[in-house]
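Here the structure comes first, spelled out in structure tokens, and everything after it is commentary.
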Amino acid sequence: MSTIVAKSSFWRERFPVDAVVHFFARKTVPLHRHTIWYYLGGMTLFFFLIQVGTGVLLLLYYRPTAEAAFESVQFIMTKVQFGWLIRSLHSWSANLMVAAAMIHMFSVFFLKAYRKPREITWVSGVLLFFLALAFGFTGYLLPWNTLAYFATRVGTEIVSVVPVIGHELLLFLRGGEDVTGATLTRLFGFHVAVLPMLTTTLLVLHLLLVQVQGMSVPPGEEARAVQRKPMPFFPYFLMRDLVGWLVALGMLAALAALFPWELGEKADPFAPAPPGIKPEWYFLFMFQTLKYVPAKILFLDGEVLGILAFGLVGVFWLLVPFLDRHPEAGGRTRWFTVFGWLALAFIVVMSLLAYVVPQTF
Amino acid sequence: MSDFFSRLSRRSFLDYLLGGGLAALAGAVLFPVLKYIMPPAIPQAVQNDVVAGKVGELAPNSGKVFRFGNKPGLLVRTPAGDYRAFSAVCTHLQCTVQYRDDFKHIWCACHNGHFDLTGRNIAGPPPRPLEEYRVEIRGEDVFAIRQS
């Protein structure tokens, strides 16, 4: 890997180029029947980079106030050249990023790549996933349309069930008692400043840890991975990664061009919630569950219990590497695999129900 | 007391002083930041009655959303022809409810909550009834009045 950069004495004198080149020259990817899952993290990163690029472009025309937000998005989509494409790419790529991150996360979970010494990699990854959902939630309101308005009312109301500080959290998110222009400006600030800052920091940590620790070989595959010679990352695996990114770009471009993201109606705080209202697909399972939870369980409000249960599962998910102490074959760890499948089945079934069951009954 | 001072070395005394100073500094920085983040309460003129609609505007078995201060309200004309008024804010997760002429009662689209014509939560996840307003007809106007 004696590239131009490495040969240039200018950079050698100013940066430890040789060490970096040496590191990547020796980086390998283990080969076994689960190698395919190694592509998903890079795929998520690819969609994230698309989000950064298209997001910066949208910032050039977007105006974050209740009076002008909807109109400015309309302007982007109808007057700005290729504005419809940029916005459509941003919306589609957001969805594909969450999907890729979800597949990445579940594959890491089932292949038990979180086990020692990769606990922090898992924790940073789950936090990054939560940040991706936060990006989705905050970005959803920005066009200031009817669906976004009610989604934000419901979503911010949900935090108010947090014990003790719930109401303060609600005020913090909404910038007041109600969802107003203040909420829009606030969520805009989170979406373009706070969340990117947190994400960048965690992403650097996450990627650094992956580089330092190398790829995890799933339990039961070690023998096979030792038998087969690992693939050098540079250039072979990188080339395959790039093919994946190219396919992803093609898919994204096709979706964005064939199914441009709709804008809907401008939000009216004094209109009833429209029938058939639903959140984005990655929140659907929680939404559907909240419909089934009865109004009262014993003396407590059902929705409070439902939301707190989701919160507890989230914390459990974050702490998985510390709870699953013996992830090698057998033992306690089988329960974690079972839990993973149950969680996945729950998410899939609830999401499907949200599509299949009629909205009024 | 003297025991305490005799055990306290010059080094640890300075450490306490430094640590305490840093903690105070952090507090002095964080307190205004936290206070800044929490939005100021905006005083609302307390409004106890509002014109919800005009007589004759609503046919029996229909409803409309009206503004009650900065919150939506729902004026319903029952199939029998009398007027009812409620807060239109669903008691579940604060979506805005509507009157459904096919159900002949009030419905929330967000999580499929149902309320009867007295505002009582009869199906779905809402935990409490809707707040009901008193209705008065004065001339052409239908007033909704908050019951204290």
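Order of the sequence lines sets the chain letters (A, B, ...), proteins ahead of strands, with each chain counted from 1. Keep in mind the model is a prediction, meaning the values are calculated, not measured.
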Nearest heavy-atom pair of [X] and [Y]: which atoms, and what distance?
X: A/F150; Y: B/C95; value: CD2-SG, 4.0 Å
X: A/L171; Y: B/M38; value: CB-CE, 3.7 Å
X: B/F66; Y: A/F270; value: O-CD2, 4.1 Å

Please report the interatomic distance [atom1]([X]) to [atom2]([Y]), rounded to the nearest 0.5 Å.
X: A/L290; Y: B/L93; atom1: CG; atom2: CG; answer: 6.5 Å
X: B/R128; Y: A/D301; atom1: CZ; atom2: CG; answer: 5.0 Å
X: B/I37; Y: A/R186; atom1: CD1; atom2: CZ; answer: 7.5 Å
X: B/L34; Y: A/E168; atom1: CG; atom2: CD; answer: 11.0 Å
X: B/C110; Y: A/E157; atom1: SG; atom2: CD; answer: 11.5 Å
X: A/E177; Y: B/K71; atom1: CD; atom2: NZ; answer: 6.5 Å

Residue among B/K64, B/R67, B/H92 with most heavy-atom pairs under 4.5 Å to chain A: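 Ranked by contacts with chain A, first place is B/R67.
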
Is it the case that more than 12 heavy atoms not belonging to [X] sit under 6.0 Å from its [atom1] atom?
X: A/E265; atom1: CD; answer: no
X: B/R138; atom1: CZ; answer: yes
X: A/F259; atom1: CZ; answer: no
X: A/E262; atom1: CD; answer: no

B/P125 and A/Y292, any side-chain heavy atoms less than 4.5 Å apart: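 No; the side chains remain at least 4.5 Å from each other.
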
Any B/H111 side-chain heavy atom under 4.5 Å of A/V154 side chain: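 Touching, per the 4.5 Å side-chain cut-off.
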
Chain B contact via [X] - which portion, at a heavy-atom distance below 4.5 Å:
X: A/A182; answer: neither
X: A/V293; answer: backbone
X: A/P274; answer: backbone

Polar side-chain atom of A/R153 near backbone of B/Q94 as donor-acceptor pair, under 3.5 Å: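 Side chain of A/R153 to backbone of B/Q94, a donor-acceptor pair under 3.5 Å: yes, one is there.
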
